[in-house]
Amino acid sequence: MRWAASTVGTCDRASTHVAITLSILLEQTSMTRNVPNKPSLDGLEAKWDERWEEAGTYRFDRSKKRDEIFAIDTPPPTVSGSLHMGSVFGYVQTDTHARYRRMAGKEVFYPMGWDDNGLPTERRVQNYYGVSCDPGLPYDSDFNPPEETHDPVISISRRNFIELCHLLTQEDEKIFELLWRTLGLSVDWKQSYATIDAHSQRTSQKMFLRNLARGEAYSQEAPVLWDVDFQSAVAQAELEDREKGGAYHKIAFHKPDGEPIYIETSRPELICSCVALVAHAEDERYQPLFGSTVSSPLFGVEVPVVAHELADPEKGTGVAMICTFGDTTDVTWWRELELPTRAVIQHNGRFQSEPPEWLSKDGADVYAELAGLFPNQARRKMAELLAESGDLDGEPKQIMHQVKFYEKGDRPLEIVTSRQWYIRNGGRDDDLRKELLIRGENLDWIPDFMGIRYQHWVDGLNGDWLISRQRFFGVPIPLWYRLDETGAIEYESPLIPNEDDLPIDPSSHVPIGFKESQRGQPGGFAGDPDIMDTWATSSLTPQIAGHWDNDPDLWERVFPMDIRPQGPEIIRTWLFSSTVRAHFEHGVLPWQTATINGWILDPDRKKMSKSKDNVVTPLPLIEEYGSEAVRYWACNGRPGVDTALDYGVMKIGRRLAIKLLNGARFALGFSDSDVDVSAITEPLDRSMLAGLAETVDRATNAFEAYDYTRALEAAEKSFWAWTDDYLELVKTRAYGEGPTATSAHAALQLALSVYLRLFAPFLPFVTEEVWSWWRDGSVHRAAWPSADEFARAASDSRVLESVSNVLGSVRRAKSDAKVSMRAEVNRLYVTGSAEEVELIQQGAGDLREAARATEILYSDGEFSVESELADSSS
RNA sequence: GGGCGUUUAGCUCAGUUGGCUAGAGCACUGCCCUUACAAGGCAGGGGUCGGCGGUUCGAGUCCGUCAACGCCCACCA
C-alpha cells in the first residue's frame, strides 16, 4: 500500500465549515467526523446487518478469476436440529477467515445452505404437528396442519406429509438466518440453497446417475442394519454404540445322544433363528462336534456345529449360536460359512405372526408364544419357556454391553435382509480404499491431527456406503424398474431418466416409453420407492453451491474450493462422502484445506447434548452479552480444541468492544480532519507504530496459518498496551498544539485505522461503527493492514517499551503510597544502561507529563526507577 | 481392546524448533471519580506446570510409563 495524500473538500451546511482532509489510504476519502459523545454497542447488530445487505458488502463478484477467489464450502446446518452454542462456535470461526481473506484482497465465495431433508425433519414434523406419514393414504388437498400438536397422532398422506416438511423447514430456516445475521456472518445471502430444493435434487440425482453409469453405485439384496421405529436401513457412518443393560442366558442345545451343549447368549429370543453353533477350530472342547448337528432347545431344529476363527474360546462357553441375524458377527459367519437364512423379525421390529416353515409342528406351537412380540418381550418369554423346559442353566447373568443404535434412534438396531442402493467407498475394494486414503493425506488438515480420524475411518470401513432410505422427505432415487409378466420387479436393469429431465420423482413421473397407466401393472413399471440418505446430497455441497450442473462458468471460478470448515464428528460422514463423490466425478479433492472446529463443552466441561439437558441457546446469550462478545468467545476457542462455554470470556469480549469505541473517541477527538503520515515525527509515536507493525505481521502470519485465535491475541495484546500506556503517555501532548501535537494526532489516527482493521474479522459491528465515524465505505472491504503501509513512519519499538516500563514503576510507587495516579513526582530517578537511558530520553517529555514528574534524573547502572513523590514523606 | 486429544494459578486459557526468578484475563485484595472509557483505570497476592522415571549443562517444553477426562473406532456370542 502506498502512502498518498489527497485533498478533498466536504461541505458541512450547518457550519459552512470546509474541512480540508488528507486521506491515509488512497482509495478512502475522509469526511467530516461524526463521533458520538456516548458511543454504545446497543443496536449495532441490526443497524449494520441492514446496511451491509443494502450495500451488498458481502456480495460475491463472480467476474473474478479462480486465483482471486477464496471459496468456502459452508456446512449447511440441519435446520430441524436445535439451536445451540455449537451452531455458533464453528460458524463464527469460519467467518473470521472469510473476513480476513476478503480484506486481504480475495473475493470470497461464502454461500449458506440449509440441510432440511431427511429424518430429523420428518421426526420434527411428526412431533411438532402430531402427524405420521402413511404412504397408503390419498392426498388431501384441503388438509391444514393442526394449530397445536395433535394427540392422538393424525395419519396423513405422503404428499401432505412432505408439504408439512417444507412448511416447517422454511420457518426453521428463518430462525437460523436471523441467528447468522445477528452474529454477523459475512455470507452472501444471494448464494443460498436448501438440500431439498430442486437445484440440490437435480445435482444429487445427476451425480447418482453418473455414479450408476460408471458402476460406482449398485443395488443389492443383503442384510442391513435396520431401525425398527423409522423402518429404514441405516449406514455404518450413522451408527452409535450405547451402553445397555442385558443378560447372558446359558442355554442347553442337545447333542444327538441327548447330552447338553451350553451356549451363552444375550438374545435367547433368536433361538428359533439359529442356523448353526460355532466354535474356534482349535478349541479342543468342541473339535469332536465339528461336522455333527445338535438340536435347538424347545424348537428341536437340527443345526450344524461349525468352526470359524472369529469364535473366541474365552467368551462365554466358547461356543456361540449363529442366528440370522442377531448382530454383525452373525452376518459375517452367515456369509463366510454360507449358512441358510432363517429370519423372523419383520421390518416393523416384531416377530412375524406366522410360524416359520423350518419349524416342526411342536416348534410352531412354541413359536406361537413369540408371534407378534418385540424382541425384548420375546426375550422374557423365551427365558420363561427355557426355564420351564430346564434348558436354561441358572439365572440369566445381568451385564452392561455396547449395543448398536442408529444415532437418531431410540431402540437397538435389528438386522434385516432387504434390497438397498450402495455407493462404493473403498469398504470392499482395497485399491479404491488406498486412493481415498491418499486424498486424505493430500488434504491440509487444520489442526493436522484431525487427518488421523479420516485415515482411521477409511481403514475401518467394512462395507460400501448404503445410501437408500425407506423414508419420505428427501431426494428420491431417480429410477424405475420394469415389471415382468407376473408383476415382479426386475432390479437388474433399471429405467433411467434423462439428465435434462431431473429432478424427477419416480412415484409421480413416468419413465420414457411408458404411460402412467402402466404403473404397477405386469409388463409395466414401478418407481423406486426410496429416497437417498441426506449425506448422499450434502456430500455434494461444493457442486450444489458452485452450480456444477448448470453454471460451468461459476463452477470454474470456485472449484475446487479453498476450505471446508466443519465439526470433527462428521469427518466420517460429510467430509469423507464429499471426498468420495469428488474423487469419482472430478478426480480431485473438493477443497485444499479442511478446518475442523472443536466441541463445545458446558461450563462443567461436559459435552453439550440434547439428552443431557444442558443445551444453551445462543440468542438469549447474544441479547445479554452482544454479538461481539459471543464472537469473541468463539474466537478464543483454538482451532480443533474443545472449548467450554465461558461467560467470563464473553464479558471480556464486550469490554474490548466498548474499549474500541472509547479509544476511538479519544483518537479522533482532536481535529476534524485527517493528518498526513508525514507529520508523525515524535520518537514515541514512531516507536508505537513500529510495535504496531510487528503486531500486524504476527496477526497476518497467524491468519495465513488459519489460526484466528493467535491473530486475535496479537491484536488484543497490542491494543490494550496501546490504550493503557501509549494513550496515557501521549495524552498531554495531544491536547496541546504545534507539530508535536500534530504528530500525536496523526499517529493516533493511523493506529486506530490499523486496529479497526485488525479487529474487523472478530468484531465486525463495532469496527464498522467506528470506521463509519470517519471513513467512507466498509471496513470489511478495506485493505488488510500491512506493515509496509506505515514503514516510513515507524522507528524503534523499544522506545515505547522502555518508557512504558518506567511509567509502570512510577504507577507502582504511587499505588504503594496509596496516592492518586495524578500525584506529583518531584524527581524521577532512572538508572539504566547507556542504551536504555538513550531510549527513555527519546520519550522523556511524554513520560514527564504522564508520570507528573517535575524532572527526570538519569544515572548509569542496573535498571531501576525511583519516584520521589511530592506529598510523600516516606 | 486400538487410536486421537486434553491435563499449567480458585476459574478459562497462553507458553511455536528445550534456555533468564512460568504468563494473561476472570475472580480476589488494595488504591484512584484521571477532561476516551467507573459497563473504567492502576497496582498486588496467588502455581511442587496430572504422577513417576529418563535424556540434557538446563525440561512446562523431548522420551518412556501410569492416571484422569473427552472424542473416535473395534466382530457387542
Side-chain angles (χ1 to χ4, degrees), chain A residues 35 37-41 239 241-244 246 248-249 263-267 270 277-279 308-312 315-323 326-333 399-404 412 447 449-453 455-457 459-462 568-569 571-572 598-599 601 603 605-607 633 636-638 640-649 651-652 654-656 658-669 702 705 707 709-710 713 716-717 720 723-724 727-728 731 735 748 807-808 810-823 852:
Chain A
V35 182
N37 281 330
K38 270 280 175 191
S40 158
L41 297 177
L239 303 184
D241 284 350
R242 292 186 205 157
E243 188 89 349
K244 202 169 183 302
Y248 284 147
H249 300 68
I263 57 114
E264 272 196 341
T265 180
S266 59
R267 303 204 60 181
L270 291 176
L277 298 192
V278 63
H308 193 277
E309 58 180 4
L310 284 181
D312 183 355
K315 269 187 187 161
T317 60
V319 61
M321 166 175 86
I322 303 176
C323 308
D327 62 32
T328 53
T329 316
D330 282 340
V331 177
T332 307
W333 281 326
I399 50 147
M400 293 299 285
H401 59 164
Q402 299 289 322
V403 181
K404 280 195 196 308
F449 65 79
M450 289 292 182
I452 294 165
R453 298 192 183 197
Q455 188 190 321
H456 284 172
W457 175 251
D459 276 336
L461 286 168
N462 55 30
E569 78 283 11
I571 289 173
R572 65 177 184 169
W599 285 107
L601 309 171
R605 296 204 65 80
K606 295 280 185 288
K607 183 190 157 191
W633 162 77
N636 265 278
R638 304 186 101 79
V641 175
D642 296 350
T643 302
L645 195 56
D646 189 337
Y647 305 112
V649 174
K651 284 182 190 163
I652 299 162
R654 185 170 176 82
R655 209 169 58 123
L656 173 63
I658 291 169
K659 196 73 172 178
L660 267 168
L661 290 174
N662 289 315
R665 209 171 90 78
F666 175 79
L668 298 177
D707 195 342
T709 310
R710 210 173 283 282
E713 224 172 51
E716 198 183 0
K717 193 177 172 200
W720 281 107
T723 60
D724 290 348
L727 259 50
E728 292 301 325
K731 195 174 272 182
Y735 277 117
L748 284 166
L807 180 61
V810 177
R811 284 168 171 166
R812 193 172 308 119
K814 290 180 179 177
S815 185
D816 288 347
K818 299 186 187 297
V819 298
S820 160
M821 289 300 141
R822 300 177 73 190
R852 307 216 160 228

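The sequence lines fix the lettering, A, B, ..., with proteins before strands; numbering per chain opens at 1.
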Which part of the nucleic acid, if any, lies within contact of A/Lys244, taking any heavy atom under 4.0 Å across all strands shown: a base, the sugar-phosphate backbone alone, or nothing? nothing
The Watson-Crick or G-U wobble partner of B/U6, with both key distances under 3.5 Å, is B/A68
Minimum-distance nucleotide to A/Glu264 side chain [options: B/C32, B/G5, B/A77]: B/A77
Opposite nucleotide pairing with B/G60, Watson-Crick or G-U, both atom distances under 3.5 Å: none
Which nucleotide in the list B/A77, B/G5, B/C37 gets nearest to the side chain of A/Trp333? B/A77
Applying salt bridge (Lys or Arg N to Asp or Glu O under 4.0 Å), name anything that partners A/Arg242, two or more places apart in sequence or on another chain. A/Glu240
With sugar-phosphate meaning primed atoms plus P, OP1 and OP2, does A/Lys651 contact a base, only sugar-phosphate, or nothing at under 4.0 Å between heavy atoms? nothing
Interatomic distance at P, B/G58 relative to B/U65, whole Å: 23 Å
Taking only residues two or more places apart in sequence or in another chain, which ones pass salt bridge (Lys or Arg N to Asp or Glu O under 4.0 Å) with A/Arg665? none
Heavy-atom nearest nucleotide on RNA chain B for A/Leu661 versus A/Trp457: which residue maps closer to 5'? A/Leu661
B/G18 and B/G3, which share atom name P, separated by this distance in whole Å: 26 Å
Nucleotide of B/C26, B/U34, B/G70 approaching A/Ile652 most closely (side-chain heavy atoms): B/C26
Which is more 5' along RNA chain B, the nucleotide nearest A/Ala664 or the one nearest A/Arg638? Just name the residue. A/Arg638
So what does A/Leu727 hit on the nucleic acid, given a heavy-atom distance under 4.0 Å: a base, only sugar-phosphate, or nothing? base
Consider the side chain of A/His456, meaning its heavy atoms from C-beta on, and name the nucleotide among B/A14, B/G3, B/C73 that approaches it most closely. B/G3
Could you please name the option among B/C71, B/A43, B/G3 that lies closest to any side-chain atom of A/Ile452? B/G3
Hey, does A/Lys818 reach any base, or is it just sugar-phosphate, or nothing, if we go heavy atoms under 4.0 Å? sugar-phosphate
Choosing from B/A77, B/C71, B/C75, which nucleotide comes nearest the side chain of A/Asn462? B/C75
Please list, for nucleotides 40-42 of chain B, all pairs of protein and nucleotide N/O atoms separated by less than 3.5 Å.
{"residue": "B/G41", "atom": "OP1", "partner": "A/Lys659", "partner atom": "NZ", "Å": "3.3"}
{"residue": "B/G41", "atom": "OP2", "partner": "A/Arg655", "partner atom": "NH1", "Å": "3.1"}
{"residue": "B/C42", "atom": "OP1", "partner": "A/Asp724", "partner atom": "OD1", "Å": "3.0"}
{"residue": "B/C42", "atom": "OP1", "partner": "A/Asp724", "partner atom": "OD2", "Å": "3.0"}

Regarding A/Arg267, tell me which of base, sugar-phosphate or nothing describes its non-hydrogen contacts under 4.0 Å with the strands shown. nothing
Taking only side-chain N and O atoms of A/Arg572, does any of them lie within less than 4.0 angstrom of OP1 or OP2 on B/C71? no
What distance separates A/Lys814 NZ from A/Arg822 CZ, expressed to the nearest 0.5 Å? 10.5 Å
Base, sugar-phosphate or nothing for A/Ala667? Non-hydrogen atoms, less than 4.0 Å. nothing
What's A/Thr332 touching, base or sugar-phosphate or nothing? Going by heavy atoms closer than 4.0 Å. nothing
Once you apply a heavy-atom cut-off of 4.0 Å, does A/Gly316 come out as touching a base, just sugar-phosphate, or nothing? nothing
Any strand: nucleotide that pairs with B/G23 via Watson-Crick or wobble, under 3.5 Å: B/C13
Can a side chain N or O of A/His249 be found less than 4.0 Å away from OP1 or OP2 on B/A77? no
